[in-house]
Amino acid sequence: MQNKLISIILPVYNGENTICQAIESVLNQSYQNFQLIIVDDGSQDSTSEKCKNYLENHQVSYYKLKNGGVSKARNFGIKKAKGEYITFIDSDDLYDKFFLETMTMSIQKGYDLVTSGYQNFEKNNKVFLPNIKNFQSKAEYIQLLQNKYLFNQIWNKIYSTEIIRKNKIKFDENLSIAEDWNFNLDYLNYSKSYTTCNRPLYHYRISNNGLGFKYRKDAGEIKLMLLDKMKNAFFPIEEENSYIHNSYIKQYYAYFSNIMDKRNTDTFKQKKEKIHYIIHSTPFAERINKCKNSSLQNKVLLIPLQKKNLTLTLFLAKMANMYDKIQKKRNFGI
């Protein structure tokens with residue numbers, strides 16, 4: 001098994017406080033046939049000096065780019081990859097000692113994609129595991145993993161370099177959020193076989209300043225666009241789209257909650273006008289009018305949207321915001 005070279009892509013920006021821990025977790029892997037590609041996205045702190053201390057190790061390479069975002073850094077890393085498989089790690093996270101060994105063992109059984117569980121650390125120690133054995137389709141694979149917060153990430157997965165390069169799959173450098181989710185949708189579209197590993201092999205550092213928790217004004221539009229992409233690629237039969245219908249309903253409330261967020265500097269009038277415009281738009285009608293009431297909860301949420309009741313929609317969006325905060329506190333300790 002040790003003859004398969006694994007390329008590990010580690011993007012970093014101003015990561016002087018955590019980058020050494022991340023690198024050490026790679027160097028201490030039980031599986032040692034790897035190439036670590038560190039891509040510095042224009043750091044202005046001591047990240048560069050810390051990374052260069054590891055260059056005596058022939059397995060480690062370091063590149064410094066002008067600041068262009070994490071997607072550009074990862075795309076650069078893919079170009080430099082020499083391994084048969086590619087995986088990722090973020091600069092503030094850690095690998096379990098057996099991450100590479102276990103994931104490589106799984107993908108070498110003939111799978112194109114393997115997804116592992118992960119564990120939070122620093123804020124809390126919550127574990128997220130696939131805990132699923134059977135899935136009949138890509139749609140079911142996505143649904144089951146998304147329900148367990150395990151599909152949209154890239155760092156808990158291992159990929160075939162050949163599939164990535166043959167199909168010219170890359171990170172969309174124009175996305176400010178959910179670029180991992182987009183990458184996984186593109187990759188899975190070309191995958192023939194996929195599985196899970198029911199172990200928390202990745203250790204995810206919870207930080208209030210992490211990219212996944214920063215406020216993005218355009219988050220709603222991007223996530224709805226990716227839901228459209230996911231539906232068109234993997235959920236083509238309308239009668240089987242209850243999961244997508246529920247996702248659209250919940251995502252619109254998340255979208256409106258994002259608009260009403262206090263970090264949005266628009267006036268209350270501007271926020272209200274934007275939501276009014278959205279619920280009277282053609283894309284909104286095309287998505288929401290097709291949705292069905294698959295549960296009492298979704299019926300309560302769907303009716304105000306379909307009737308375009310702005311007052312009740314705003315109230316429920318506020319409730320959605322409170323619920324989201326409770327979920328983040330429960331799952332991520334923030």
Without swapping roles, check the side chain of N167 against the backbone of I163 for a donor-acceptor pair under 3.5 Å. yes

Are Y31 and F99 near enough that their ring centres are under 6.0 Å apart? no

So, Y202 versus Q153: side-chain donor-acceptor pair below 3.5 Å or not? no

Main chain of H276, side chain of K308: is a donor-acceptor contact present, judged purely on distance under 3.5 Å? no

Lys/Arg cation over aromatic F128: K126, 6.0 Å, 45° cone: yes

Heavy atoms, side chains only, cut-off 4.5 Å: are I89 and S25 in contact? yes

Are F98 and L100 linked, directly or through other ILVMFWY residues, by side chains that come within less than 4.5 angstrom of each other? no

Taking E101 for its side chain and S30 for its backbone only, find out whether a donor-acceptor pair lies under 3.5 Å. no

In a check of ring pair (Phe, Tyr, Trp, His ring centres under 6.0 Å) between Y141 and each of Y111, F235, F135, which one passes? F135

Counting only pairs under 3.5 Å, give me each side-chain donor-acceptor contact of residues 59-69, with atom names and distances, residues two or more places apart or in other chains.
{"from": "Q59", "atom 1": "NE2", "to": "Q32", "atom 2": "O", "distance (Å)": "2.5"}
{"from": "S61", "atom 1": "OG", "to": "L36", "atom 2": "O", "distance (Å)": "3.4"}
{"from": "Y62", "atom 1": "OH", "to": "D40", "atom 2": "OD2", "distance (Å)": "2.6"}
{"from": "Y62", "atom 1": "OH", "to": "S48", "atom 2": "OG", "distance (Å)": "3.2"}
{"from": "K64", "atom 1": "NZ", "to": "S43", "atom 2": "O", "distance (Å)": "2.9"}
{"from": "N67", "atom 1": "ND2", "to": "D41", "atom 2": "O", "distance (Å)": "2.9"}
{"from": "N67", "atom 1": "ND2", "to": "D41", "atom 2": "OD2", "distance (Å)": "3.0"}

Any side-chain donor near an acceptor of the partner, Y243 and Q146, under 3.5 Å: yes

Quick check: Y118 with W155 (ring centres under 6.0 Å apart)? yes

When T196, V114, N184, T87 are each screened for side-chain contact (heavy atoms from CB on, under 4.5 Å) with K157, the one that passes is N184

Verify the distance criterion only: is there a donor paired with an acceptor across the side chains of N75 and E173 at less than 3.5 Å? yes

Is it true that a side-chain atom of R216 and a backbone atom of S176 form a donor plus acceptor pair closer than 3.5 Å? yes

salt_bridge(D261, K217) N-O dist < 4.0 Å: no

Give a yes-or-no answer on whether the side chains of K97 and N28 include a donor-acceptor pair shorter than 3.5 Å. no

Given the options D180, D186, V70, F171 meets side-chain contact (heavy atoms from CB on, under 4.5 Å) only with D180

Contact check, side chains of Y253 and M319, non-hydrogen atoms, under 4.5 Å: no

Under 6.0 Å between ring centres: does that hold for Y187 and Y159? yes

Can you check whether Q143's main-chain N or O pairs, donor with acceptor, with N147's side chain at less than 3.5 Å? yes

Just by distance, do the side chain of Q29 and the backbone of D96 share a donor-acceptor pair under 3.5 Å? yes

Could you tell me whether the side chain of S116 and the main chain of P200 form a donor-acceptor pair under 3.5 Å? no

Please output the side-chain donor-acceptor pairs of residues 7-15 that fall under 3.5 Å, not counting sequence neighbours, one pair per line with the distance.
{"from": "S7", "atom 1": "OG", "to": "Q35", "atom 2": "OE1", "distance (Å)": "2.5"}
{"from": "S7", "atom 1": "OG", "to": "K82", "atom 2": "N", "distance (Å)": "3.2"}
{"from": "S7", "atom 1": "OG", "to": "G83", "atom 2": "N", "distance (Å)": "2.8"}
{"from": "N14", "atom 1": "OD1", "to": "Q44", "atom 2": "N", "distance (Å)": "2.6"}
{"from": "N14", "atom 1": "OD1", "to": "D45", "atom 2": "N", "distance (Å)": "3.4"}

Does either side chain, that of E84 or that of T161, offer a donor lying less than 3.5 Å from an acceptor on the other one? no

